[in-house]
Asker: 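Can you keep this structure in mind? I'll have questions shortly.
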Amino acid sequence: MSRVGSGRPHGPALIALEGVTKAYPGVLACDSVDLDLRAGEVHALLGENGAGKSTLVGLLFGLQQPDSGRIRVEGAEVRVRGPRDAAALGIGFVQQHFSSIPTLTVGENLALALQGAGRPIPRRTVPARIQELSARYGLGVEPHRPVGQLSVSGQQRVELLKALAVEPRVLILDEPSSLLGPQEAEELLEILGRMAGDGLAILLISHKLEEVLRVSDRVTVLRRGRKVATVETASTSEHELGRLMVGDLATVQEAGRPAAAASPSDAPPRLSIEDLTVAGDRKADVLRGVSLSVSAGEIVGLAGLEGSGQVELIEVVAGVRTATSGRVLSGGVPMAGRSIRERQQAGIAHIPADRRNDGLVGGLSVSENLSLTELGGGKCTHFGLLRKREMTRRAQELIARYDIRVGGPAALVSTLSGGNQQKVVLARELSRDPEVILCAYPTWGLDFAATSAVHAELRRRRAEGAAVLVASVDLDELLAICDRILVMQGGRIVGEVSSSNATAEGIGRLMGGVEAA
Amino acid sequence: MTSSSISLLLVAAISLAAPLLYAALGETISENAGVINIQLEGMMLVGAFTGVYGAHVFHSTWLGFLCAVAGGVALAAVHGVACLVFRANQIVSGVVLNILALGATSYGLVVLLGSSAGNSVPTLARVRIPLLSSIPVIGPALFDQNVMVYVAFLLVPVVWWVLRRTGFGLALQAVGERPQAASSLGVAVARMRWLALLICGALAGLGGGQLTLAGLGAFTQNVTAGRGFIALAAVVFGGWRPWGVLGAILLFSTADAFQIRAQAFGAHIPYQFLAMLPYLVTILALAVLVRRRRAPSALGVNV
């Protein structure tokens, strides 16, 4: 494992947070946290969801004001009242949610960012500035394309570009690789290495241990608003960091893949997909002749970069999207022409990629969300009227069973954390004891404990004989839970590996198309 | 039609377009910043009234125009307090302000100006541009109009330039498209929205003033007669871009000029049907012909 970090962090602290505390009603988001950043280092800020990482960098960037504690820049105490102050102090921030305007071009977005930072430049000089920065850090960004037309990784480079254009001394990045495939994430880490080599101090927020070990010089671990430790990356290990992050929960990590689920090779597949093609809106076809099968008691993974067709494949099987040609058979029965509801009744459950928009209704309560698929069947309705008491009882049962952390069944789903929202989706979909489970990005954005819970539930379903198809961009996840992994690229399956002899690097190469030829 | 009657038709079309153009360009700016003004009609009506009243009191058409601007801005400010300060629904606020504007100007007409007939003010003189105005057919339409017609048409490239080529325009679009993102970039979202809204009020008031001070020379009850709504529609049909807005308005005003002339020539059609014509032509042509553009994402959304 070669590190891309710049080597020696040196010199005194460029920026120091001293005893910074921030409380929200009912939550102590940051509890007397100390942190220092040095020029030329990549400093990772590691912690689970809700550990206080975002609050801490929000304080550093002036999005919120600390209740107590000090921020020093080169030893002098400063107040950061907003992004403009932060920019003036040389602090740049690449947020998790992109701050570009999709309808404007890269150049226009850069002009806007510089203007917002109080450092406007003439519009004529914008393209040259982009070329220069793009060449210096290997960003490969074109000035004249609308940002909304760029790929996710392209959009992220625009964010980097905007941050770099104001010539910051400190750059904060919030989960920058969360939307990227392995190849793209790797490129991003190299760009970060180059920036640190250029003398920038980089604060990298992450919950990916491997990435942190690979790129950082030092790591600060937060847990429940408190700093647990700051360690030199060279003298720590994945195991130690994991333990620091989750504390006693570290034992949640299960022992890899379970005993190869008795593979009943003669049994007919529970789910089979034959020569499925989906025509694209304008460009190339989204799926091009995909065939695969999943047996009962098996978890099959779909690996691939975002946009390789995995999510679309899942959507076709779930009935959300219509195939141009090809067949889907569930238990030998063709699914063509069946509605989503009919497929649910045929034992197919779907955990959609975008849980907030496709999986849940944020303005409804937990118990209402849990009942959404039961409205026609009679479990939750009686002559069309809601059976509130039954809904509450059912919700309480599922909340307990899936360990959903929520005040009660009446809490609005939009107030839950990402992990608990996903547990609500999982609880609802799996409560009908489906025989076929389709999941897209099942642990996207979830922390370690929630991810483990989701994985454990999928494994249990497999043990009970469900056929599970999982799409993910996270190879570690697929390697951890799948029996077989199919690699997709450009709407085709380009390879299949049994997870017992697969490596992340090998699959990564397939995903990027290196061995596809 | 003879070439002289076509020429007269175009003269009418261009001068009918000017009030609409002011209001619609103002609304283009405001909607690009995410603020929708259903009360565009009301702001024109108030401008039309305060314009005539100001011209009366100060005995000056130009001060009348200034009062028209002030009237439009005043109504816009009420909308701003309701929506930008107290976060009222923009549509509801706009609808209510239209009703308020109609009532207030009808009352003001009786109390301040007396009868409809008795409030006439001198209108703007035409400024004939030598040589160019002698071009056959189109010359009189384009180069023999009052000054405020020229200004209205010159505003089209100006607004285009501001939106597409200045930092102010960029920030405006950012605010209308992704207010949170704009805010995190250091753009003062609330201030931008206020500015865009007040500019829109000023231009809509000017459009109302153009109607009475440059054209009719008097205020009558509900003198705008839905022109504000046409301007509002033109912004959508024009795809939130100044040149598109101009096209939509020219289509409407040409149809309007045509029906006015048809009435004058006493075609054997009830005049009520002729009066419907421009609205029908506009909605049909634009519904069928126009390539749809997406509205600013945060249009009408309070932040």
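Note on naming: letters A, B, ... go to the chains in the order of the sequence lines (proteins, then strands), and numbering restarts at 1 for each one.
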Asker: Please classify the contact between A:Q115 and chain B as side chain, backbone, both or neither, with a heavy-atom cut-off of under 4.5 Å.
Answerer: side chain
Asker: Check this for me: A:R123, atom CZ, are more than 12 non-hydrogen atoms of other residues, nucleotides or ligands nearer than 6.0 Å?
Answerer: yes
Asker: For the aromatic rings, using the six-membered ring if either is Trp, is the centroid distance between B:F143 and B:Y150 under 6.0 Å?
Answerer: no
Asker: Could you check if a side-chain atom of A:S100 sits within less than 4.5 angstrom of a side-chain atom of A:V106, using non-hydrogen atoms only?
Answerer: no
Asker: What part of A:L104 gets within 4.5 angstrom of chain B, counting heavy atoms only: side chain, backbone, both, or neither?
Answerer: side chain
Asker: A:L160 vs A:I191, test: side-chain contact (heavy atoms from CB on, under 4.5 Å). Steps then yes/no.
Answerer: CA-CA 10 Å; A:L160 280 177; A:I191 292 170; 4.2 Å; yes
Asker: Which atoms of B:T166 come close to chain A, meaning under 4.5 Å heavy atom to heavy atom: side chain ones, backbone ones, both, or neither?
Answerer: backbone
